[in-house]
Undergrad: 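Take a look at this one; I'll ask things after.
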2 protein chains.
Amino acid sequence: MLNKSSATVQRKRRSRGRPRTAHSEDVREKLLRAARDLFMRYGYRAVSSRQIASAAGVNVAMIRYYFGGKPGLYREITNAMVGPLRAGIDAMSAGATQIELASLIGTAMRMWATNPWLPGLIVREVLMQEGPLRAMFIRDFPERLVPVLEKLVRREMERGRLRADLDPRLVVLSMISLGLFPFLALPVTSRVFGVRADEAFLQHLIRHTTDVLTRGIAVHDAPGSKK
Amino acid sequence: MLNKSSATVQRKRRSRGRPRTAHSEDVREKLLRAARDLFMRYGYRAVSSRQIASAAGVNVAMIRYYFGGKPGLYREITNAMVGPLRAGIDAMSAGATQIELASLIGTAMRMWATNPWLPGLIVREVLMQEGPLRAMFIRDFPERLVPVLEKLVRREMERGRLRADLDPRLVVLSMISLGLFPFLALPVTSRVFGVRADEAFLQHLIRHTTDVLTRGIAVHDAPGSKK
DNA sequence: CGTCTAATTACACGCATGCTTAATAAATCC
DNA sequence: GGATTTATTAAGCATGCGTGTAATTAGACG
């Protein structure tokens with residue numbers, strides 16, 4: 001009878017107040033998950049609150065209710081993703097004396113492979129002019145990481161393990177370039193290079209990268225000794 | 001007398017119709033310049049038509065008048081910037097037999113230094129999910145450039161100039177990483193690494209990069225000969 | 001049972017966006 | 001010199017944005 005009154009609709013529209021079964025944390029969690037996916041794929045500005053809410057299947061106002069607003073949601077997500085990385089840098093900064101340069105790149109690359117959103121997030125926030133947290137990111141990453149790496153490189157040079165005729169700062173830059181860019185390019189790489197981004201490829205890539213880098217910056221003192 | 005009528009204002013507001021002195025191409029040019037600066041700095045989505053018009057000092061409607069709309073303006077700009085690069089790739093694809101791999105990176109790096117917006121533009125359009133021209137960019141760049149480079153690398157391997165135990169596709173990836181990323185990072189690099197982005201630094205960077213790359217991927221057949 | 005709190009919805013506000021249109025005036029043409 | 005074309009402006013349109021807010025309801029507490 002095409003009844004459009006509100007009394008008998010009861011289709012998919014949820015009624016107004018508090019829901020019957022209390023699944024409180026559920027909404028918060030769903031919002032976080034949807035927002036993480038969208039923000040990491042398209043960036044902060046390109047994703048709207050309504051898009052996030054729609055993807056999470058909840059009302060828009062819940063963003064304000066749980067996170068205070070769109071920036072609060074973004075901050076929550078970035079903090080969660082970036083915390084372990086920051087901790088890693090700090091740990092490296094503390095015990096920098098017993099770290100092997102060659103294994104460091106493998107560690108970093110494993111980090112990118114485990115958290116595939118991180119390279120894009122860092123590049124978007126740090127290198128492009130985008131993102132509302134740029135200053136924080138720059139303070140957290142390049143300004144903390146680069147001096148540690150530079151000191152490491154200089155130490156290895158003094159010990160005669162790295163070519164001393166190279167500019168240590170540019171060696172650091174090359175390390176970051178080789179270690180980070182392939183993961184930035186991964187979505188395109190898999191199509192253009194015809195490779196699959198699986199564990200086997202990751203091992204292959206790490207071996208290749210460390211190989212190319214070390215045979216470039218390592219001193220060739222005894223070229224015929226180790227094959 | 002606080003006269004607010006339109007007859008005697010005559011301040012900065014231009015009168016409605018066609019301007020007295022015909023500076024027709026001027027407006028078009030000013031729009032292109034302003035749009036190029038803004039688009040390259042902040043990306044397509046983050047820049048509004050009104051921002052561009054305001055920066056160019058012209059009316060918003062002129063964007064539609066001259067370019068049909070915001071996408072038309074963007075297309076015009078990207079085409080102009082990307083044309084020479086595309087031509088370069090095609091030329092390389094044609095006469096790929098007499099190209100030296102080592103000098104190629106220097107050429108590319110000089111290209112980035114001359115057109116500082118290009119690396120950011122390419123990364124934004126190709127690697128991130130952003131940008132309305134992503135498909136076109138992918139077809140124009142990685143899908144055209146990568147096979148050419150790969151063939152070049154394989155040829156150099158067959159000639160015994162490059163290590164044959166490396167994966168040619170990953171060598172190409174490393175070349176692109178080392179050649180492109182430093183220019184992506186340039187705005188941050190200059191602050192974090194404490195360097196100035198001048199001609200001297202460019203030469204230094206090119207020398208360093210080719211050095212690191214070639215001593216990594218080149219065959220060490222006569223290690224003691226050239227010191 | 002009455003009150004209070006937590007969780008959720010619908011709605012609307014003000015603003016910015018890209019785009020369109022009508023009006024207008026100089027330049028040009030026949 | 002009247003008609004047409006070209007270049008420009010102001011105003012407005014629909015849409016989408018982030019954010020508020022009042023209403024509503026289930027559960028908790030006394």
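Order of the sequence lines fixes the chain letters, A, B, ..., with proteins taken first and strands second; residue numbering starts at 1 for each chain.
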Undergrad: Taking side chain as C-beta onward, heavy atoms only, is A:Met92 less than 4.5 Å from A:Leu149?
TA: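 Contact flag for A:Met92/A:Leu149 side chains = yes.
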
Undergrad: Separation of A:Glu29 atom CD from C:dA7 atom C1', in whole Å?
TA: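 Taking CD of A:Glu29 and C1' of C:dA7, I get 16 Å after rounding.
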
Undergrad: Could you state the CD-P distance from B:Gln51 to C:dT17, rounded to the nearest angstrom?
TA: 6 Å

Undergrad: Using a distance-only criterion (donor-acceptor N/O pair, under 3.5 Å, no hydrogens), is the base of D:dG18 paired with the side chain of A:Arg64?
TA: no

Undergrad: To the nearest angstrom, how far is A:Phe67 atom CZ from D:dG18 atom P?
TA: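 Rounded to the whole Å, the gap is 15 Å.
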
Undergrad: Among A:Asn115, A:Val123, A:Leu205, A:Leu118, whose side chain to side chain contact (heavy atoms under 4.5 Å, CB included) with A:Phe183 holds?
TA: A:Leu205

Undergrad: Extract all donor-acceptor atom pairs below 3.5 Å that involve side chains of residues 187-201 of chain A and protein atoms in other chains or at least two apart in sequence.
TA:
residue	atom	partner	partner atom	Å
A:Thr189	OG1	A:Ala185	O	2.6
A:Ser190	OG	A:Leu186	O	3.1
A:Ser190	OG	A:Pro187	O	3.1
A:Arg196	NH2	A:Asp198	OD2	3.0
A:Asp198	OD1	A:Phe201	N	3.0
A:Glu199	OE2	A:Arg110	NH2	3.1
A:Glu199	OE2	A:Gln203	NE2	3.0

Undergrad: Would you mind reading off the distance between A:Met62 atom CE and D:dT19 atom P, rounded to a whole angstrom?
TA: 15 Å

Undergrad: Using a 4.0 Å cut-off on heavy atoms, which residues in residues 33-49 of chain A reach DNA chain D? List them by number, or say none.
TA: A:Val47, A:Ser48, A:Ser49

Undergrad: Rounded to the nearest Å, what distance is computed from the CG atom of residue B:Leu31 to the P atom of nucleotide C:dG18?
TA: 13 Å

Undergrad: Does any N or O donor sit under 3.5 Å from an N or O acceptor when you compare the side chain of A:Arg50 with the base of D:dG18?
TA: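 By the distance-only test, yes, there is a pair.
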
Undergrad: Ignoring backbone atoms, test whether B:Tyr65 places a side-chain nitrogen or oxygen under 4.0 Å from the OP1 or OP2 oxygen of C:dT20.
TA: no

Undergrad: Salt bridge check: are B:Glu29 and B:Arg33 linked by an N-O gap of less than 4.0 Å?
TA: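 So B:Glu29 does not pair with B:Arg33 through a salt bridge.
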
Undergrad: What is the distance, rounded to the nearest whole Å, between atom OH of A:Tyr66 and atom P of D:dT19?
TA: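 From A:Tyr66 OH to D:dT19 P: 18 Å.
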
Undergrad: Can you give me the closest heavy-atom contact between B:His204 and A:Asp167, atom names plus distance?
TA: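 Closest approach of B:His204 to A:Asp167: NE2-OD2, 2.9 Å.
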
Undergrad: Per the side chain to side chain contact (heavy atoms under 4.5 Å, CB included) rule, which among B:Glu143, B:Arg144, B:Glu125 passes with B:Ile138?
TA: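 When side chain to side chain contact (heavy atoms under 4.5 Å, CB included) is applied between B:Ile138 and each of B:Glu143, B:Arg144, B:Glu125, only B:Glu143 qualifies.
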
Undergrad: Roughly, in whole Å, what's the span from CG in B:Asn59 to C1' in C:dT20?
TA: 13 Å

Undergrad: Quick one: which of D:dT19, C:dC19, D:dA10 gets closest to the side chain of B:Lys70?
TA: C:dC19

Undergrad: Quickly work out the B:Ile63 CD1 to D:dA7 C1' distance and round it to whole Å.
TA: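 Atom-to-atom, B:Ile63 to D:dA7, this comes out as 15 Å.
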
Undergrad: Which nucleotide wins on minimum distance to the side chain of A:Ala61, given the candidates C:dT21, D:dT21, C:dT8?
TA: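 The listed nucleotide nearest to A:Ala61's side chain is D:dT21.
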
Undergrad: Any side-chain heavy-atom pair from B:Leu32 and B:Phe67 closer than 4.5 angstrom?
TA: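 Yes. Closest side-chain heavy atoms under 4.5 Å.
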
